[in-house]
Structures are given as structure tokens and as C-alpha cells.
Colleague: 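Have a look at this one.
Values below: every heavy atom of this structure, side chains too, minus hydrogens, waters and symmetry copies. Position 1 is the first residue of the sequence, and the numbers go up from there.
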Amino acid sequence: MMTHAPASPRRSDVTKAAILDAARERFAADGYERATIRAIARDAGIDPSMVMRYYGNKEGLFAAASAIDLRLPELGALPGKHIGAVLVTHFLDRWEQDDVLTGLLRVGVTNEAGAERMRAVFAEQLGPIAAGVCPDPADAPRRAALAASQILGMALARYVLRIEPAAAMPREEVVAWLAPTLQRYLTAEGP
């Protein structure tokens, strides 16, 4: 009986992963405009031509490096009155654990490609959540945008600009302030 050793990752997969890791760090640290293909390649320990080979250009690399799954929770089984608190808690967890998301926010406020990527992430991932819980699914895009304004506003104040006292507020207090607003945006009858 023959047993096969698990396949080791292909060299190209390892190289692509190194490029994406370096790109995420560089875009987060330097922003889109100041990050360069050469610096990213240097950080990844490869020749800049390899970055171009796999991703074509800086825009292609940014798109790949900023592919984000928000991993939003399933809200269908939750009592409706807890949706705001669950979402705020989830986003605080994400902002505190995911430098890519914070980096994308930094780039999004200074660069159109970053802004477009952030808009797409929230429209594609928060939009369906809003459609599933709001009274009128046709109003879901408006409600998702309102919810995103609260989530992104707090993230900008707390994690990017570090505006006090928002940056130092205990998580429970942030949830207590923001959850009712998200709850209203997503589930209350419209004005």
C-alpha cells in the first residue's frame, strides 16, 4: 500500500503569498500613493518583475491585497433586537484583529482606488445583511450605507485618527452607543 505525502505548496503560491503579505503591510504603512512595487518586492524578498508577473500593475496588486471577507455573522437566528449589538461587536473585533481592514480604510480616505474597494466590500457584504433584516428590502442599500457610515466613522476615529476619547473608550461603551443606531438604521420603519 502506497501512501502519498501531502503536497507541498507550489513555489508560485508561496511567492504570491509573500507578495500579498508584503503589499498589505506596505499599503497599510505607507498608503496607496507612497507604496511602490520596488518596496513591496524588497519586503517580499523577490525581484519587482515577479510582482508585475503575478499582478500586472500596482492597481492589480492593490485589488488582490485588499480582498477582504468581513466574515459577517449570520443574523437570521438572532432576536431582532440584538442585531445592532452583534454587528458593532463584530466590527470592533475585525478592526482590532485585522490590519488589512485598517490599511484599506487609510487608503480609502486618500485614494480613489481604495475608496472604490471599500465601497465594494461594504455594498457586497453589508448590503445582503441589510436586505435580510430591514422592513423593506428595496431600502436595503440606503440602510447599509447608513450603517456603514457609523461603522466606518468609529473605525476612522478610534483606529486611524485615534481621536480621544473614542480611542480609549471601553468596547462595551462603544457598543452601547453605536448598537441602537445600527439597530434603528437596519430594522426600524423608515422616516
Side-chain angles (χ1 to χ4, degrees), residues 15-44 48-73 75 84 87-88 90-134 136-163 166-167 178 181-182 185-186:
T15 302
K16 285 180 183 179
I19 293 168
L20 288 178
D21 287 344
R24 288 180 182 119
E25 289 181 23
R26 184 61 61 177
F27 285 130
D30 295 348
Y32 180 84
E33 297 300 329
R34 291 188 3 228
T36 66
I37 295 292
R38 287 188 186 281
I40 292 166
R42 184 178 57 248
D43 294 348
S49 65
M50 296 302 289
V51 176
M52 303 306 279
R53 174 181 175 189
Y54 291 122
Y55 298 101
N57 56 31
K58 187 174 172 179
E59 291 80 16
L61 176 59
F62 178 75
S66 63
I68 293 174
D69 179 0
L70 295 175
R71 297 188 301 271
L72 291 169
L75 300 178
L87 284 175
V88 173
H90 175 77
F91 275 104
L92 289 174
D93 289 343
R94 287 305 311 269
W95 292 111
E96 291 168 5
Q97 298 169 8
D98 190 344
D99 291 339
V100 175
L101 196 54
T102 304
L104 183 57
L105 179 60
R106 282 190 179 107
V107 171
V109 297
T110 61
N111 175 273
E112 182 54 32
E116 178 55 38
R117 187 70 197 115
M118 189 65 95
R119 285 190 292 268
V121 165
F122 275 81
E124 293 164 5
Q125 297 181 46
L126 189 58
I129 295 281
V133 299
C134 74
D136 179 4
D139 203 26
R142 179 186 333 256
R143 290 169 180 264
L146 289 167
S149 74
Q150 293 299 303
I151 293 164
L152 293 172
M154 179 54 82
L156 186 65
R158 186 173 172 95
Y159 302 112
V160 176
L161 300 175
R162 301 191 193 288
I163 296 172
L178 292 185
T181 301
L182 255 62
Y185 284 160
L186 294 173

Colleague: Can you sort out the partners of R117 under salt bridge (charged side-chain N to carboxylate O under 4.0 Å, His left out), two or more places apart, ordered by chain and number?
Modeller: none
Colleague: Please round to the nearest 0.5 Å and tell me the distance separating atom CD1 of I129 and atom CG of L72.
Modeller: 5.0 Å
Colleague: In residues 28-35, what donor-acceptor pairs under 3.5 Å come from side-chain atoms, sequence neighbours left out?
Modeller:
from	atom 1	to	atom 2	distance (Å)
D30	OD2	R26	NH1	3.0
Y32	OH	E59	OE2	3.0
E33	OE2	N111	ND2	2.6

Colleague: State which residues pass salt bridge (charged side-chain N to carboxylate O under 4.0 Å, His left out) with R38; sequence neighbours excluded, sorted by chain then number.
Modeller: none
Colleague: Do W95 and L105 have side chains that approach each other closer than 4.5 Å (heavy atoms only, starting at C-beta)?
Modeller: yes
Colleague: Spell out, as yes or no, whether a donor-acceptor pair under 3.5 Å connects the side chain of Q150 to the backbone of V88.
Modeller: no
Colleague: Over all heavy atoms of both residues, which pair between A123 and P128 is shortest? Give the atoms and the distance, please.
Modeller: O-CD, 3.7 Å
Colleague: Nearest heavy-atom pair of Y159 and T102: which atoms, and what distance?
Modeller: O-CG2, 4.4 Å
Colleague: Rounded to the nearest 0.5 Å, how far apart are CG of L186 and CG of L126?
Modeller: 6.5 Å
Colleague: Working to the nearest 0.5 Å, report the span between CG of L20 and OH of Y55.
Modeller: 3.5 Å
Colleague: Which atom names give the shortest non-hydrogen contact between T15 and M50, and what distance separates them?
Modeller: CG2-CE, 4.5 Å
Colleague: From Q97 CD over to L92 CG, what is the distance, rounded to the nearest 0.5 angstrom?
Modeller: 10.5 Å
Colleague: Would you mind reporting whether L178 and M154 have side-chain heavy atoms less than 4.5 Å apart?
Modeller: yes
Colleague: Of all residues at least two apart in sequence or in a different chain, which pass the side chain to side chain contact (heavy atoms under 4.5 Å, CB included) check with A157?
Modeller: I163, A166
Colleague: How far does CZ of R94 sit from CD1 of I151, to the nearest 0.5 angstrom?
Modeller: 12.0 Å
Colleague: How long is the gap from OG on S149 to CG on L182, to the nearest 0.5 Å?
Modeller: 8.0 Å
Colleague: Near R142 CZ, under 6.0 Å, is it more than 12 heavy atoms from other residues, nucleotides or ligands?
Modeller: no
Colleague: Looking at every non-hydrogen atom in both residues, tell me the closest pair between R24 and A64 and how far apart they are.
Modeller: NH2-O, 3.9 Å
Colleague: State, to 0.1 Å, how close F122 and A148 come at their nearest heavy-atom pair, and which atoms those are.
Modeller: CD2-CB, 3.8 Å
Colleague: I'd like to check the salt bridge (charged side-chain N to carboxylate O under 4.0 Å, His left out) partners of R106; sequence neighbours left out, ordered by chain and number.
Modeller: none
Colleague: Considering non-hydrogen atoms only, spot the tightest contact between E96 and R158 and give its length.
Modeller: OE2-NH2, 3.9 Å
Colleague: Suppose we screen for side chain to side chain contact (heavy atoms under 4.5 Å, CB included). Which residues come up paired with A23, at least two apart in sequence or across chains?
Modeller: F27, I40, L61, A65
